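Here is the structure we will look at.
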Amino acid sequence: MLELMRKLSQAVISGEVETAAQLTEQLLAQGASPQEIIDNGLMPGMDYVGAQFRKGEMFIPEVLLSARTMQTAMDVLKPRLVSGNVPSQGTVVIGTVQGDLHDIGKNLVRMMLEAAGFSVIDLGIDVPAEKFLEAVKTHRPHILGLSALLTTTMTMQKQVIEALSAAGMRQGVKVMVGGAPVTEKYAREIGADGYGESAVQAVAVARSLVQVRR
Ligand code: B1M
């Protein structure tokens with residue numbers, strides 16, 4: 001199993017979409033859980049890509065191909081993650097903030113929330129504050145989830161929270177923030193109700209926020 005995990009990481013790094021899908025199927029068939037496949041196969045590959053990108057040894061087209069490879073493998077995992085017969089835990093509106101196009105982590109959070117029984121409305125990427133507010137008005141979610149992957153866009157999380165307050169809507173919804181540059185401390189500073197370091201933690205935080213609201 002370890003060898004297959006290593007090959008899966010390598011497939012993400014080299015952007016071999018088909019191979020990654022096949023390896024994911026193989027790992028599931030051998031009894032690996034979706035979470036093990038994400039943690040030990042997909043994420044190490046993506047972390048390596050991130051490090052090479054930072055060093056200027058991988059470029060955007062390659063990173064995009066790796067991202068597509070990871071997304072394809074996650075699509076294979078999705079039916080195992082999303083179980084249809086969990087009673088609804090609450091509603092979450094989620095999106096990646098304005099100016100930010102990263103969505104792999106947000107998609108993973110969405111899938112895990114769905115798997116845990118939350119109804120999730122996904123607004124996609126590059127979502128302006130007004131669109132978040134509109135969705136909160138329309139769907140009246142328990143939680144608003146804001147994802148940001150860039151130090152330049154994490155400030156948009158603060159702006160969305162401020163816009164909610166200015167519109168008199170802050171009391172009606174819990175705000176959860178996350179994304180690689182975001183920290184617990186930052187979440188507290190901007191007045192968020194919760195911070196998820198990972199998709200798994202996001203589910204735990206969402207559960208506790210819904211409890212608080214009930
Ligand atoms: Co981008 N990028 N990127 N990129 N990219 C980063 C984030 C970067 C760290 C790479 C680097 O320099 N090492 C860097 C940011 C530096 C910074 O701001 N400090 C960076 C940069 C600079 C850029 C561009 C500016 C590059 C350029 O154009 N010069 C550009 C910006 C575009 C834009 O958004 N406007 C850019 C573009 C891209 C691609 C389009 C090529 C592609 C995105 C494709 C896509 O998402 N569809 C991309 C990618 C893939 C990355 C890296 C390599 C991988 C991100 C990822 O998907 N990780 C990334 C380096 C890295 O993070 N290692 C990088 C896997 C994912 C599962 O993890 O997203 O962290 P993550 O999500 C986690 C947690 O953070 C958490 O749970 C998830 C699962 O555990 N989480 C939440 C996320 N959202 C949450 C929300 C929650 C709770 C938890 O509650 C609501």
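Order of listing sets the numbers, starting from 1, for every ligand and every atom in it. Computed from a prediction, not measured in an experiment: that's the story for all the values here.
The proximity of V109 to ligand 1, defined as any non-hydrogen pair under 4.0 Å, is limited to the side chain. Residue-level proximity to ligand 1 for Q201 is absent, since no heavy atom of it falls below 4.0 angstrom. Only the backbone of V177 comes within 4.0 Å of ligand 1, judged by heavy-atom distances. When non-hydrogen atoms are compared, ligand 1 lies under 4.0 Å from the backbone of S198 as well as from its side chain. With a 4.0 Å cut-off on non-hydrogen atoms, D100 touches ligand 1 through its backbone as well as its side chain.
Considering only non-hydrogen protein atoms, atom 47 (N) of ligand 1 sits nearest to D103 OD1, 2.8 Å. Here the protein heavy atom with the shortest distance to atom 28 (O) of ligand 1 is I60 CD1, 3.3 Å. Among all non-hydrogen protein atoms, the one lying nearest atom 40 (C) of ligand 1 is L64 CD2, 3.8 Å. From the protein, the heavy atom lying nearest to atom 53 (C) of ligand 1 is G50 CA, 3.7 Å. The protein atom (non-hydrogen) at minimum distance from atom 56 (C) of ligand 1 is M46 CG, 4.2 Å. For atom 77 (O) of ligand 1, the closest non-hydrogen atom on the protein side is A199 N, 3.3 Å. Shortest contact from atom 16 (C) of ligand 1 to any protein heavy atom: L150 CD2, 4.5 Å.
Counting only heavy atoms, the protein never gets under 4.0 Å from atom 8 (C) of ligand 1. Within 4.0 Å of atom 89 (C) of ligand 1, at least one protein heavy atom is present. Contact annotation for atom 79 (C) of ligand 1: protein present (non-hydrogen atoms, distance under 4.0 Å). Note that atom 20 (C) of ligand 1 has protein non-hydrogen atoms nearby, at separations under 4.0 angstrom.
Distances between N or O atoms of T151 and those of ligand 1 include at least one value under 3.5 Å. On a distance-only criterion, S147 and ligand 1 share at least one N/O pair closer than 3.5 Å.
Judged purely by atom type and a 3.5 angstrom limit, T91 has no side-chain atom pairing as donor or acceptor with the backbone of H142. Y186 places a side-chain N or O within donor-acceptor distance of the main-chain N or O of M154, the cut-off being under 3.5 Å. Side chain of D126 to main chain of G99: a donor-acceptor pair is present (N/O by atom type, distance under 3.5 Å, no hydrogens or angles). Although no hydrogens or angles enter the test, the distance criterion places no donor-acceptor pair under 3.5 Å between the side chain of Q52 and the main chain of M58. Remark: the backbone N or O of A11 is not paired with any side-chain donor or acceptor of T19 at under 3.5 angstrom. A donor-acceptor pair under 3.5 Å links the side-chain atoms of D100 to the main chain of L150, judged by distance alone. One N or O on the side chain of S9 and one on the backbone of G41 form a donor-acceptor pair closer than 3.5 Å. Although no hydrogens or angles enter the test, the distance criterion places no donor-acceptor pair under 3.5 Å between the side chain of E184 and the main chain of G194. The backbone N or O of V182 lies less than 3.5 Å from a partner atom in the side chain of Y195, making a donor-acceptor pair.
Taking atom 1 (Co) of ligand 1 as reference, H102 places its N/O/S atom NE2 nearest.
Nearest approach of I143 to F118, heavy atoms of both residues: CD1-CE2, 4.5 Å.
Using a 4.0 Å cut-off between charged nitrogen and carboxylate oxygen, R170 and D193 count as a salt-bridge pair. Salt-bridge check for E3 with R6: passed, with a basic side-chain N closer than 4.0 Å to an acidic carboxylate O.
Using modelled atom types, one finds no donor on one side chain facing an acceptor on the other under 3.5 Å when comparing T138 with E134.
The option from G56, A51, A148, G105 that lies nearest to atom 72 (O) of ligand 1, judged by heavy atoms, is G105. Of all the listed residues (D39, V49, L146, I38), L146 holds the heavy atom that lies closest to atom 91 (C) of ligand 1. Proximity annotation for atom 26 (C) of ligand 1: of F59, Y195, F53, F53 comes nearest, heavy atoms only.
In summary, the atoms of ligand 1 found under 4.0 Å from a heavy atom of L149, numbered by their order in the structure, are 7 (C), 69 (O), 70 (O). Numbered from 1 in the order shown, with element, the atoms of ligand 1 that lie under 4.0 Å from a heavy atom of V63 read 41 (C), 48 (C), 49 (C), 50 (C), 53 (C).
Ligand 1 lies less than 4.0 angstrom from a heavy atom belonging to M43. Not a single heavy atom of P181 sits closer than 4.0 Å to an atom of ligand 1.
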